[in-house]
Amino acid sequence: MIRVLVTGGAGFIGSNFVRWAHNAHPDWQITTLDKLTYAGRLDNLADVAESSRHRFVHGDIANTAVAAPLVRESELVVHFAAETHVDRSIQSAADFITTDVIGTFVLLEAARQAPALRRFIQISTDEVYGSVPEGASTETDELRPRNPYSASKAGADRLAYSYWATYDVPVIVTRASNNYGRNQFPEKVIPLFVTNAIDNIALPLYGDGLNVRDWLHVDDHCRAIDLVIEQGTNGEVYNIGGGNEVRNVDLTRRILDLTGRPGSLIRPVADRPGHDRRYALDTTKLRRLGWTPAAEFESGLAATVDWYRRNEQWWRPIKEKDQAFRDYYKTQYGNRAGA
Ligand SMILES: NC(=O)c1ccc[n+]([C@@H]2O[C@H](COP(=O)([O-])OP(=O)(O)OC[C@H]3O[C@@H](n4cnc5c(N)ncnc54)[C@H](O)[C@@H]3O)[C@@H](O)[C@H]2O)c1
């Protein structure tokens, strides 16, 4: 059996990856290491909870005593764990530095002493390139992160690379665009807007709504990571983009159409400070390995809306009872009415 460590596997993309990899690789023995922050939920892993090929460890990647032995016993490390919400990083950046930078450092130090390790996948983001007014970012472009989240991720991205260049740790960095799909914590834009629309309450749209994101279905992201594990080259960076550039206002209208709600639910709110206008990725390098995204955005979004409609028991307790969500929502949108 191949021993695989997935950090942050109780979060959105991590749990989709664990489920996907558990099905795709009967020879993988997967350990999920997750701190279960507000964004991590054990019920995201319900499909593998009974499996003898999956083990859950509750712990912090920044805690060497917990994390290092798990890294040292692994052949593959897929490192998702992070504080991930730009808006939260603007409210308070401390946890982003501790987890995204120092936590990654702890894992990399352990990776130097992992005898069987053959891949350390550093999950980075397109946000490290900063705002891209035109064209598309290639892997060799300068990094110009512009908020505490993307700056922390850029730090981790380059730290991971440095451990390949300096110590020959088998690091590969992936930079994906915005993901969508099932089990995304409902304060991120798609699940927030879908669940607000289902409840017939306002959709708080930042600024003029013309910011552009490139949407990637989480299943396509999982397949890309898997391909990079099998066929990527250590020390390299791979962009993973869905090729679906959509303005936020158009995304919002599509969600309203799919939920049968009126445009009057859109509530313009003051913009996010330093809001990056556009991200776009050149994915030529990954496509040369044989990857193309399978999900078509219209149908992928419709299926995602359908998932949130059918799984109210997953998100409604978070939105109605989870104090972390309620505090965040009040701080974030309470004083922002009217752009
Ligand atoms: N969501 C996106 O659109 C997107 C796009 C590109 C890259 N990424 C990257 O993918 C990764 C996963 O993103 P996501 O959207 O699934 O995030 P998420 O916020 O849904 O999940 C993060 C997970 O990490 C865990 N975690 C946080 N701090 C931890 C710590 N100190 N120790 C152990 N576990 C900890 C949380 O409990 C949670 O389960 C992140 O590295 C993120 O930067 C996300």
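In each ligand, atom 1 is the first atom listed, and ligand 1 is the first ligand listed.
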Exactly which residues line ligand 1, taking a heavy atom under 4.0 Å from it as the test?
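Residues within 4.0 Å of ligand 1: Gly8, Ala10, Gly11, Phe12, Ile13, Asp34, Lys35, Leu36, Thr37, Ala39, Gly40, Gly59, Asp60, Ile61, Phe80, Ala81, Ala82, Thr84, Thr99, Ile123, Ser124, Thr125, Tyr149, Lys153, Ala176, Ser177, Asn178, Asn179.
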Could you tell me if the side chain of [Y] sits less than 4.5 Å from the side chain of [X], heavy atoms only?
| X | Y | value |
| --- | --- | --- |
| Leu117 | Arg72 | no |
| Arg267 | Tyr333 | yes |
| Ile61 | Val106 | no |

Is the distance from the ring center of Phe185 to that of Tyr38 below 6.0 Å?
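Ring-ring flag for Phe185/Tyr38: true, centres closer than 6.0 Å.
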Are the ring centres of Phe80 and Phe12 closer than 6.0 Å?
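Not close enough - the centres of the two rings lie 6.0 Å or further apart.
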Determine all donor-acceptor pairs shorter than 3.5 Å in which one atom belongs to a side chain in residues 273-280; sequence neighbours excluded.
residue : atom : partner : partner atom : Å
His275  : ND1  : Asn211  : ND2          : 3.3
His275  : ND1  : Asp271  : OD1          : 2.7
His275  : NE2  : Arg213  : NH2          : 3.3
Asp276  : OD1  : Arg146  : NE           : 2.5
Asp276  : OD2  : Tyr279  : OH           : 2.6
Arg277  : NH1  : Asp208  : OD1          : 3.0
Arg277  : NH1  : Asp208  : OD2          : 3.4
Arg277  : NH1  : Asn211  : OD1          : 3.3
Arg277  : NH2  : Asp208  : OD2          : 2.7
Arg278  : NE   : Glu245  : OE1          : 3.0
Arg278  : NH1  : Val132  : O            : 2.9
Arg278  : NH1  : Gly135  : O            : 2.9
Arg278  : NH2  : Gly135  : O            : 3.0
Arg278  : NH2  : Glu245  : OE1          : 3.3
Arg278  : NH2  : Glu245  : OE2          : 3.1
Tyr279  : OH   : Glu127  : OE1          : 3.3

